[in-house]
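Down below is the structure, laid out as structure tokens.
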There are 4 protein chains.
Amino acid sequence: MASNRQVEIALAAVKLFEKKGYHATSVQDIADEVGLQKGSLYHYIHSKEDLLLQIAHQAITDFNQRLETILASDLPAKDKLIQAIENHITVSAANIETTTVLLREAFSLGENQHQMIQDLSDRYVDLWTQILIEGKESGEFNVVHPRITALAILGACNWVYRWFRAGGKYDAKDISAMFSQLFLEGLLA
Amino acid sequence: MASNRQVEIALAAVKLFEKKGYHATSVQDIADEVGLQKGSLYHYIHSKEDLLLQIAHQAITDFNQRLETILASDLPAKDKLIQAIENHITVSAANIETTTVLLREAFSLGENQHQMIQDLSDRYVDLWTQILIEGKESGEFNVVHPRITALAILGACNWVYRWFRAGGKYDAKDISAMFSQLFLEGLLA
Amino acid sequence: MASNRQVEIALAAVKLFEKKGYHATSVQDIADEVGLQKGSLYHYIHSKEDLLLQIAHQAITDFNQRLETILASDLPAKDKLIQAIENHITVSAANIETTTVLLREAFSLGENQHQMIQDLSDRYVDLWTQILIEGKESGEFNVVHPRITALAILGACNWVYRWFRAGGKYDAKDISAMFSQLFLEGLLA
Amino acid sequence: MASNRQVEIALAAVKLFEKKGYHATSVQDIADEVGLQKGSLYHYIHSKEDLLLQIAHQAITDFNQRLETILASDLPAKDKLIQAIENHITVSAANIETTTVLLREAFSLGENQHQMIQDLSDRYVDLWTQILIEGKESGEFNVVHPRITALAILGACNWVYRWFRAGGKYDAKDISAMFSQLFLEGLLA
DNA sequence: TATGAATGAGTGTTCATTCAT
DNA sequence: AATGAATGAACACTCATTCAT
């Protein structure tokens with residue numbers, strides 16, 4: 001059960017890791033952000049690295065859980081894919097700092113911790129792949145290599161955090177619709 | 001004009017930045033890799049950060065130049081897109097360390113230097129967008145938002161360095177073909 | 001008057017100081033051992049250093065009192081020496097943790113506190129010396145330099161905590177007898 | 001091959017470890033003593049703990065080598081014992097700081113490093129024991145338990161660093177003679 | 001060109017102690 | 001009596017960079 005201070009610290013860390021990067025953010029920076037001495041921070045965190053792990057772990061777990069829910073529904077594969085894209089992009093956009101930390105900074109974790117995140121990320125790819133396999137088997141999708149196709153679609157979605165800006169011309173739903181259109185219909189007229 | 005030693009140092013840095021990350025790589029690590037003392041390295045480099053900048057700059061410039069060549073050809077937009085995809089993925093795969101450093105580590109540059117790379121990357125997006133606009137205007141492509149579509153395709157391609165492994169089941173050309181098929185034809189049967 | 005909790009804390013401290021050393025033992029370690037939070041410990045102790053002082057002070061005072069009793073008896077010097085050796089070794093062996101803390105860790109006290117223990121230790125040397133003087137004056141002992149001789153015997157006894165292990169081949173009484181034999185009769189056949 | 005600076009640093013460390021103890025001596029203290037920045041110290045040492053290990057290792061190795069030389073001579077056991085005592089005490093007295101660090105501070109080493117010193121110290125006890133066994137077998141010594149007797153004599157000698165002061169009434173040779181007399185002839189008139 | 005000594009600021013982390021509740 | 005949040009100074013150690021030789 002996370003105390004207020006723990007949440008506050010995690011939020012400060014997410015903000016700073018997103019802005020400056022994990023390595024360029026010092027424990028002192030985080031302490032300043034929450035108004036504590038840096039020594040005091042260690043009542044709430046185990047280490048700076050652990051803080052990053054918590055953030056990344058929560059983020060990828062959240063993505064996984066949501067996608068599992070979509071996959072468990074009895075929608076046709078086409079609609080599951082549409083939902084998966086919309087879910088990923090809207091969550092990315094709504095939690096853009098956390099998503100940035102997950103996708104950009106998790107590599108800074110030590111080997112074991114990084115592997116933990118990597119395993120969960122691999123699981124996420126598996127779930128996307130499952131949707132494509134379902135669509136292939138139902139005859140909805142014309143797809144030969146479901147995993148590579150999943151990696152293409154996920155790659156496109158995972159790039160969104162790099163250019164999406166809230167308040168821009170298109171919101172997350174708009175972009176989701178464009179992505180779905182592209183992946184389902186293709187470019188050719 | 002880069003001396004042999006300068007090239008050697010840049011290659012060592014690319015290798016280490018890819019393996020350990022920019023921040024986790026010390027100047028001593030690079031010196032060890034090329035068999036010099038770390039003080040001696042400074043006869044060849046301006047700073048560790050400058051080394052990263054050179055690597056990233058060369059990488060994105062190379063991507064830009066190749067895409068400009070493709071764009072300047074008088075192929076139909078569809079073929080330009082196919083070539084752009086194949087070019088990006090084969091270059092990424094052949095220079096996976098450099099590409100990784102460009103895409104994963106350039107953020108570690110200081111603000112001004114990072115902006116320089118960002119500007120070149122934006123230029124790269126522009127070139128992709130141009131292909132889509134050409135295809136839209138020629139009636140080849142059914143595309144409403146060329147820039148967003150470009151970002152989707154480029155995102156998919158920029159994710160390849162994260163999962164591609166040389167010697168795997170599919171080579172870079174195979175994957176390029178799958179990507180082109182997906183983006184041109186879409187998934188729907 | 002020491003409460004149960006105070007005794008419990010002192011015992012925990014002795015155990016930990018012996019096992020890990022004074023500096024390597026944190027107040028948190030002691031709190032964990034007695035099942036309190038470290039803040040709560042300060043209801044019972046003045047400071048970590050004071051805890052060490054209490055332990056060392058009690059140990060050396062105990063040694064002094066016992067030796068004073070022996071010295072006050074009307075035994076011949078030879079028997080006083082035999083008793084002094086047996087007393088020191090059996091007490092050391094029975095309270096090996098406390099003795100270890102006294103002999104190994106008291107130096108970690110601040111200057112004033114350390115001097116207090118040092119003064120009591122000097123007093124202990126004086127008592128041993130007194131036995132030797134008695135034996136010299138009674139003609140029992142052939143000894144020219146009673147203080148140096150006392151330091152030799154005491155040194156041998158003070159080393160016992162470093163190698164004695166309960167349950168070994170010889171118990172404290174056995175070792176005491178061997179020591180007495182050595183110091184009284186010498187090695188020569 | 002130790003540079004001047006390395007020797008200088010080791011000497012400073014010995015001096016400070018003796019005066020304040022290992023834990024109470026900071027790397028900054030050592031740097032101040034030799035007139036370097038504390039970061040610069042790390043050109044010469046691996047870690048603070050390693051510095052302690054070097055000092056202790058050199059000290060116990062020196063004791064061992066000297067005793068091995070004595071043991072290898074063809075003197076009678078009685079004379080070997082006399083030389084062993086004189087050697088130990090004169091070396092202790094001449095290098096009282098180093099000896100103090102060996103005997104008082106080696107416990108502050110981490111487990112593995114401490115064990116290394118412990119093994120060498122055990123070897124030293126073996127050598128003393130060997131002298132007593134020789135004297136027993138030659139009929140020179142009346143000794144039943146050579147190892148315990150060795151520990152008694154060595155304990156007496158290892159205590160000397162605690163009370164010996166150069167320039168005092170007796171020098172190291174005087175004290176060695178008194179010790180030999182005590183252990184060989186015993187106290188009884 | 002190459003060295004390696006030296007810097008000095010900075011890092012994450014520990015810890016004895018205090019104190020309001 | 002007991003907690004646990006908070007302090008603030010201290011710690012060992014790292015590192016990019018400089019520079020005299």
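Here is how names work: the chains are called A, B, and so on, in the same order as the sequence lines, proteins then strands, and each is numbered from 1. Source: prediction; values computed, not measured.
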Between Tyr42(A) and dA6(F), is there a side-chain N or O to OP1/OP2 distance below 4.0 Å?
-> no
Of all the nucleotides listed (dT13(E), dA12(F), dA6(E)), which has the minimum atom distance to the side chain of Val27(A)?
-> dT13(E)
Testing dT17(F), dA2(E), dA6(F) for proximity to the side chain of His43(B), the answer is dA2(E)
Of the listed nucleotides dT3(F), dA6(E), dG12(E), the one nearest the side chain of Ser40(C) = dT3(F)
Between Asp119(C) and Gln115(C), does any side-chain donor sit less than 3.5 Å from a side-chain acceptor?
-> yes
Tyr44(B) has a side chain; which of dA16(E), dA2(E), dT7(E) sits nearest to it?
-> dA2(E)
Atom-pair distance (CG on Asp32(B); P on dA16(F)), nearest Å | 12 Å
Separation of dG10(E) P from Lys38(A) NZ (nearest whole Å) | 11 Å
Please state whether the phosphate of dA6(E), meaning OP1 or OP2, lies under 4.0 angstrom from any side-chain nitrogen or oxygen of Arg5(D).
-> yes
For Thr25(D) and Leu16(D), indicate whether the former's side chain and the latter's backbone hold a donor-acceptor pair under 3.5 Å.
-> yes
Verify the distance criterion only: is there a donor paired with an acceptor across the side chains of Gln28(C) and Asp32(C) at less than 3.5 Å?
-> yes
Strictly by modelled atom types, are Ser26(B) and Asp29(B) linked by a side-chain donor-acceptor pair under 3.5 Å?
-> yes
Interatomic distance where CD belongs to Gln28(B) and P belongs to dA2(E) [whole Å] | 16 Å
5'-most contact on DNA chain E (nearest-nucleotide basis), Thr25(A) vs Ser26(C), goes to Thr25(A)
Verify whether one side chain among Asn4(D) and Glu8(D) offers a donor that lies under 3.5 Å from an acceptor in the other.
-> no
Closer than 4.0 Å, any side-chain N/O of Gln37(B) to the OP1 or OP2 of dA2(E)?
-> no
Closest to the Leu36(C) side chain, choosing from dG12(E), dA2(F), dA16(F) = dA2(F)
Could you check Leu41(D) against Ser47(C) and say which one's nearest nucleotide on DNA chain E is further toward the 5' end?
-> Leu41(D)
Consider the side chain of Lys48(A), meaning its heavy atoms from C-beta on, and name the nucleotide among dA6(F), dA2(F), dG12(E) that approaches it most closely.
-> dG12(E)
